[in-house]
Amino acid sequence: MGHPDLIARRRALGAIAVLALAAALLLGGPRAAAASPPGPSTLSTGFVDDGLFQLPGPTADLHWLGDAESLASNWVRLTADWQAIAYKHVRGAAAANPANPGYYWPLLDEAIRAAAATHQHVLMMIYAAPTWAEGPHRPPGALNWEPNATDYGAFVRAVATRYSGHYPDPLNPGHDFPAVTTFQIWNEPNEPVSLSPQWTRVRRGVYTPASPGIYRRLLNTGYANIKAVQPHAYVLAAGTAPYGDPPGGLREPPLVFDRALLCLNGPALKRERCPDPAHFDAFDDHPYALNPLIHALDPDDTSVPDVHKVIHLLAVARRDRTLAPVGPKAMWVTELDWGSNPPDRTQGSLDLQRRYLDYALYELWRQNVSHVLWFELADPGPGLNVFSGAGVYFQNGQPKPSAQAFHFPFIAVPSGGHGHGLIVWGRAPAAGAVTIENGNGHTWQPQLTLTTTPGGIFYGHVPLRPHLILRAVQGTLASPGWRAVSSPNAA
């Protein structure tokens, strides 16, 4: 997309149709228009923050996961780091046994216990090849070079077995580990730091994608081993990084990678021979962007408003049977953030971070994304500047305005082609009635009441003027105020 700061940052690392949204104005004004939401009836949210959620010692884990729970987070992504856990050469049939003495589990065990104690569903991402499991002829400096799919599958089976809900917890005699039933195979495989090589040189100046084929073998082997242990487990494909380079460059654009993975050739999506289609239950994308309104400049990159292009690819692959098993595939976004100033002077204000978070959740929901995970919960400590300011908490644990927005997201924007008035959208902390209020930040007056879906989503076209400052209220809880303009950049 051509944003150097963002590129550098990424390199471093129905039953329910809607309950009537018609609502009576509390003071006897006109009625809000009934509307059918364009997105799903629910939106699940959570956090990714290995530095906090997988710290040594249960106190730190529970403290930060408790903060996530207080913001209505119901998902956390944890990393089963193959390279760190398999600290010895663990190969062959013995590698599928989690009791193998070559494995070191305590940090991940503790994170699993803490997540269960704070009512968080775990997305277990299994990632990072030990050097002994990489392919031959690895160039100097290459990372995750052609990981051996058989070795990876054995480790995946060990993880799925240990956290199946039927494996004894050595620190709690008589009890098993909490069950993990949702897994993710690898992370950002279109980035050379995560998987290499990215390209194969066919002849001078001509390159074809290499990483999708390597990744498909990891994905299908991982999928088969998880399902062998937990037949009803849910398996996500890896989230792709949002930006790429021309053929032969460092990275593959996400849509170039996805097309090759799904055996679809070129922008026309022509079906290719696909004897071993990619196996997964849900797909993932990481649409980092300078703001949640702008499209990626390159049509093969993905910013927040471009996720629908990935969903279209999935629909074509499903039609052409170049994915497996055939059936609907949910769309997740397991990494997204914007930094804030403070602490990072190069980022936007605290309030701008909050508005970007609100608007991105709406935009992704509108494209039918079912889960969004924010990266990270709290700002990293001094010297950890890759995602400086990205947390919804400061490093000292104080909440930012974005924490309130995460708990109770809400936006109000002009209807545009829908006629006069505003579109209001949000996700309430609980299902039920939500009151929309108008105010100046100090005093607030109720304007109308909307009814949420059972998943807490409310959406409506309402006869209110632009430029009002609105908020949503449910019981004693309130969203941040939102000035009803078309851009989150406008204060």
Under 3.5 Å, is there a donor-acceptor pair linking the side chains of [X] and [Y]?
X	Y	result
Ser402	Gln353	yes
Thr181	Gln230	no
Asp306	His295	yes
His461	Tyr459	yes

I'd like to check [X] versus [Y] (side-chain heavy atoms, cut-off strictly below 4.5 Å). Are they in contact?
X	Y	value
Thr45	Trp374	no
Leu352	Asn489	yes
Leu336	Leu364	yes
Thr79	Gln54	yes
Leu255	Pro253	no
Leu261	Leu323	no
Arg251	Pro192	yes

Can you check salt bridge (charged side-chain N to carboxylate O under 4.0 Å, His left out) on Lys309 and Asp258, steps first, answer last? CA-CA 10 Å; Lys309 295 189 290 187; Asp258 291 342; over 6 Å; no
Is it the case that the ring center of Phe53 lies less than 6.0 angstrom away from the ring center of Phe47? no
Parallel, tilted or perpendicular, as decided by the 30° and 60° cut-offs, for the rings of [Y] and [X]:
X	Y	value
Phe257	Tyr215	tilted
Trp425	Tyr362	tilted
Phe458	Phe410	parallel

Is it the case that the side chain of [X] and the backbone of [Y] share a donor-acceptor pair, with hydrogens and angles ignored and the cut-off at 3.5 Å?
X	Y	answer
Lys400	Gly389	yes
Asn220	Tyr223	no
Arg354	Pro480	no
Asp379	Gly391	yes
Lys227	Ala233	yes

Could you please spell out the steps behind the side-chain contact (heavy atoms from CB on, under 4.5 Å) verdict for Val122 and Tyr163? CA-CA 10 Å; Val122 171; Tyr163 305 117; over 6 Å; no
side-chain contact (heavy atoms from CB on, under 4.5 Å), that's the test. Do Thr334 and Met125 meet it? Break it down for me. CA-CA 10 Å; Thr334 63; Met125 192 263 286; over 6 Å; no
